Amino acid sequence: MLDLTFIRNHPDVVKEAAHVKNNSIDIDALLALDQKVVALQHEVEEARAKQNQLSKGIQQAAREKNTELRNDLIAEGKKLAEFIKANEPELNQLTEERYNLLLLVPNIPDPSAPVGKDESENVPFKYWGEKTEFGFTALDHYDLMLKHNLVDIERAVKVAGSRSYVLRGEAARLELALISFAMDKMARKGFTPLIVPSMARDFSFIGSGQFPKGRDQVYEVKDQDLFLVGTAEVSITGMYKDEILKGDELPLKFVGYSPCYRQEAGTYGKDTRGVFRVHQFNKVEQYIICKADHEESVYWFEQLLQNAEELIQDLELPYRVINVCTGDMGDGKVGMYDIECWVPSEGRYRETHSCSYLHEWQARRANLRYRDENGKVKFVHTLNNTAIASPRILIPLLETHQQEDGSIRIPEALRPFMGGQEYIGR
RNA sequence: GGAAGGAUGGCAGAGUGGUCUAAUGCGGCUGUCUUGAAAACAGCUGGAUGAGAGUCCCGGGGGUUCGAAUCCCUCUCCUUCCGCCA
């Protein structure tokens with residue numbers, strides 16, 4: 001959410017942001033509505049001020065036993081009460097409409113973000129590692145998993161429908177190892193490990209920005225006012241809703257684990273092979289709450305990226321980093337990097353990590369603030385990035401480390417979390 | 001699942017229709033005093049919106065009333081006891 005005053009004063013900046021983000025919000029309509037709200041609010045508040053004045057007069061009259069004056073004032077108060085009663089519902093309704101529109105206003109992208117209409121205009125700017133070449137006929141991740149009996153999709157579908165999977169045997173152990181590895185590494189970097197609820201109330205989704213627009217991607221728990229989170233980011237944002245933090249506790253650095261659920265609406269027929277796009281997965285997420293300072297946000301943005309890069313480098317996976325263009329980055333973001341790992345069977349890089357900074361956009365929605373060194377209350381800045389998301393990361397991991405004899409090498413960094421095991425299927 | 005009791009400022013806790021601009025205590029900040037600190041004393045000690053006057057916020061929503069922290073309805077959450085249970 002943007003500051004309403006900012007929108008009033010810089011409508012063109014906001015319109016341009018909406019334009020480059022392919023967001024069709026009508027800023028002029030919002031501002032027209034805003035003027036109605038302000039005018040009506042003024043009227044209602046005037047009436048209430050008079051009412052408060054009258055109230056004192058009524059007491060005074062009662063004390064002076066002036067029954068006549070008292071009755072007159074009460075009659076006048078009745079009129080004011082009627083006026084308020086007649087106009088307040090409309091004021092409330094308009095205010096709510098304005099709020100609902102505000103939720104749809106995108107954040108202003110940083111000038112360094114490439115302007116583009118969709119993912120085809122994202123800009124790769126860093127490559128690490130050599131694209132894997134095999135001197136033998138390599139398998140794709142799904143065939144590898146079948147070969148080593150690491151997955152059972154047919155039975156998973158029997159249990160839970162399409163886009164389900166059962167990890168079995170060493171794949172199950174590998175996923176737990178990846179999660180432990182990521183939590184462990186991030187904890188050593190000073191991030192506080194969290195295991196957070198994977199069900200949350202709607203305010204957490206509004207706060208993080210998944211609602212109202214992404215509602216169709218989220219599972220709802222029947223009769224419970226609860227929804228399944230698609231990322232721990234939702235829960236962590238919700239944790240701090242309505243709080244005013246002390247400036248000296250910032251930055252808060254978290255690494256949160258949660259199961260994640262996504263409907264993947266509108267992706268029929270996409271990525272149907274294997275475990276790339278699934279309804280349920282496990283993710284370890286980096287999350288930062290820092291002071292309202294652009295330089296500091298940018299510092300942590302780069303830091304979060306570097307952390308993720310280190311994790312992937314430890315897993316010995318070739319990857320590239322892309323600067324996501326305005327049309328692909330999502331409403332809340334000021335800037336966004338995706339990390340894409342090389343997937344040999346597809347001969348292309350595919351997204352495994354997503355790094356974003358959002359300035360105050362989430363903090364305003366979640367009403368999450370802090371008191372700065374001068375005692376002034378400000379909205380915090382928030383940032384997030386994936387640490388590890390599985391099973392998707394298994395795809396480049398298994399493919400990249402497959403050996404000529406069909407076995408799969410476990411990268412050294414993971415071995416401590418796999419009981420020292422060096423290979424799968426050898 | 002059953003029963004009862006609760007939700008007030010950073011914390012504790014009063015307030016059951018108008019003097020609430022929310023008592024009091026603790027904590028915090030500032031000052032006096034002090035070599036420094038403590039103690040003592042004094043003052044200060046939320047948030048939103050608005051240019052301001054003002055308006056709003058006593059868990060959320062609705063109602064009664066000229067007027068609600070206070071009365072009524074409803075929802076959420078918390079605590080205790082019982083039952084069940086990983």
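Within every chain, numbering begins at 1; the chains are lettered A, B, ... in the order of the sequence lines, protein sequences first and strands thereafter. Being a predicted model, the structure only gives us computed values, none of them experimental.
Here, B/G18 and B/G67 have their P atoms 15 Å apart, quoted to the whole Å. Nucleotides B/U55 and B/G6 place their C1' atoms 31 Å apart, quoted to the nearest Å. The same atom, C1', is picked in B/G52 and in B/A38; the two are 46 Å apart, to the nearest Å. Atom P of B/C66 sits at a distance of 28 Å from the matching atom of B/G15, rounded to the whole Å. Of the C1' atoms belonging to B/G31 and B/A23, the separation is 26 Å, rounded to the nearest Å. The gap from the P atom of B/C73 to that of B/C81 amounts to 28 Å, rounded to the nearest Å. For the P atoms, the distance from B/G59 to B/U8 is 6 Å, rounded to whole Å. Across B/U24 and B/U74, the matching P atoms stand 37 Å from one another, rounded to whole Å.
A/S356 and A/N384 form no side-chain donor-acceptor contact under 3.5 Å, judged by distance and modelled atom types alone. Defined by atom type and a distance below 3.5 Å, a donor-acceptor pair is missing between the side-chain atoms of A/Y370 and A/E249. For the residue pair A/D331 and A/N23, a side-chain donor N or O sits within less than 3.5 Å of a side-chain acceptor on the partner. Under 3.5 Å, the side chains of A/E43 and A/N87 contain no donor-acceptor pair of N or O atoms. Side chains of A/E302 and A/Q306: no donor on one and acceptor on the other come within 3.5 Å. No side-chain donor-acceptor contact under 3.5 Å links A/Q51 and A/R48. Side-chain contact check for A/Q403 and A/R426: no donor-acceptor pair (N or O, by modelled atom type) lies under 3.5 Å. Residues A/T386 and A/K283 bring no donor and acceptor atom of their side chains to less than 3.5 Å of each other. Between the side chains of A/T267 and A/R163, at least one donor N or O lies within less than 3.5 Å of an accepting N or O. No side-chain donor-acceptor contact under 3.5 Å links A/Y142 and A/S345. In this structure, a donor-acceptor pair under 3.5 Å is absent between the side chains of A/H353 and A/Y319.
Between the CD atom of A/E76 and the C1' atom of B/G67 there is a distance of 14 Å, given to the nearest Å. Remark: C1' of B/G10 and CG of A/L245 are 13 Å apart, rounded to the nearest angstrom. Between the CG atom of A/D248 and the P atom of B/G28 there is a distance of 14 Å, rounded to whole Å. Distance A/Q59 CD to B/C66 C1': 11 Å, rounded to the nearest Å. In this structure, CG of A/L80 is placed 12 Å from P of B/C66, rounded to the nearest angstrom.
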field: Which nucleotides of RNA chain B pair, in dot-bracket form (Watson-Crick or G-U under 3.5 Å, | meaning another strand)
entry: ((((((((.[[[..)..(.....]]]((((((.......))))))((((....)))).[[[[[..)....]]]]])))))))....
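If A/R63 and A/A81 are placed on RNA chain B by their nearest nucleotide, the residue sitting closer to the 5' end is A/R63. With the nearest nucleotide of RNA chain B identified for both A/R70 and A/I58, A/R70 has the one nearer the 5' end.
Other residues, nucleotides and ligands contribute only 12 or fewer heavy atoms inside 6.0 Å of the NZ atom of A/K36.
Paired with A/Y337 under the rule side-chain contact (heavy atoms from CB on, under 4.5 Å), one option of A/L304, A/I322, A/L305 passes, and it is A/L305.
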Where protein sits on nucleotides 45-56 of chain B, one letter per nucleotide: B base, S sugar-phosphate only, - none, heavy atoms under 4.0 Å: -SSS-S---BSS
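Using a 4.0 Å heavy-atom cutoff across all strands shown, A/L73 reaches no nucleic acid atom at all.
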Considering only nitrogen or oxygen atoms on both sides, find all protein atoms under 3.5 Å from nucleotides 84-86 of chain B and state each distance.
none

Using a cutoff of under 3.5 Å, can you pull out all pairs of nitrogen or oxygen atoms linking the protein to nucleotides 58-64 of chain B, with atom names and distances?
unit_1	atom_1	unit_2	atom_2	d
B/U64	OP1	A/K85	NZ	3.1
B/U64	OP2	A/K85	NZ	3.2

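A heavy atom closer than 4.0 Å to some atom of RNA chain B occurs in A/R201, these being the qualifying members of residues 192-201 of chain A.
For the pair A/R392 and A/F276, the cation-pi test (distance below 6.0 Å, angle within 45°) is passed.
Taken from CE in A/M145 to CD in A/E399, the straight-line distance is 10.5 Å, to the nearest 0.5 Å.
A centroid separation of less than 6.0 Å is found between the aromatic rings of A/F205 and A/F211.
For A/R8, the side-chain hydrogen bond (donor to acceptor under 3.5 Å, both in side chains) criterion is met by A/D34, not counting sequence neighbours.
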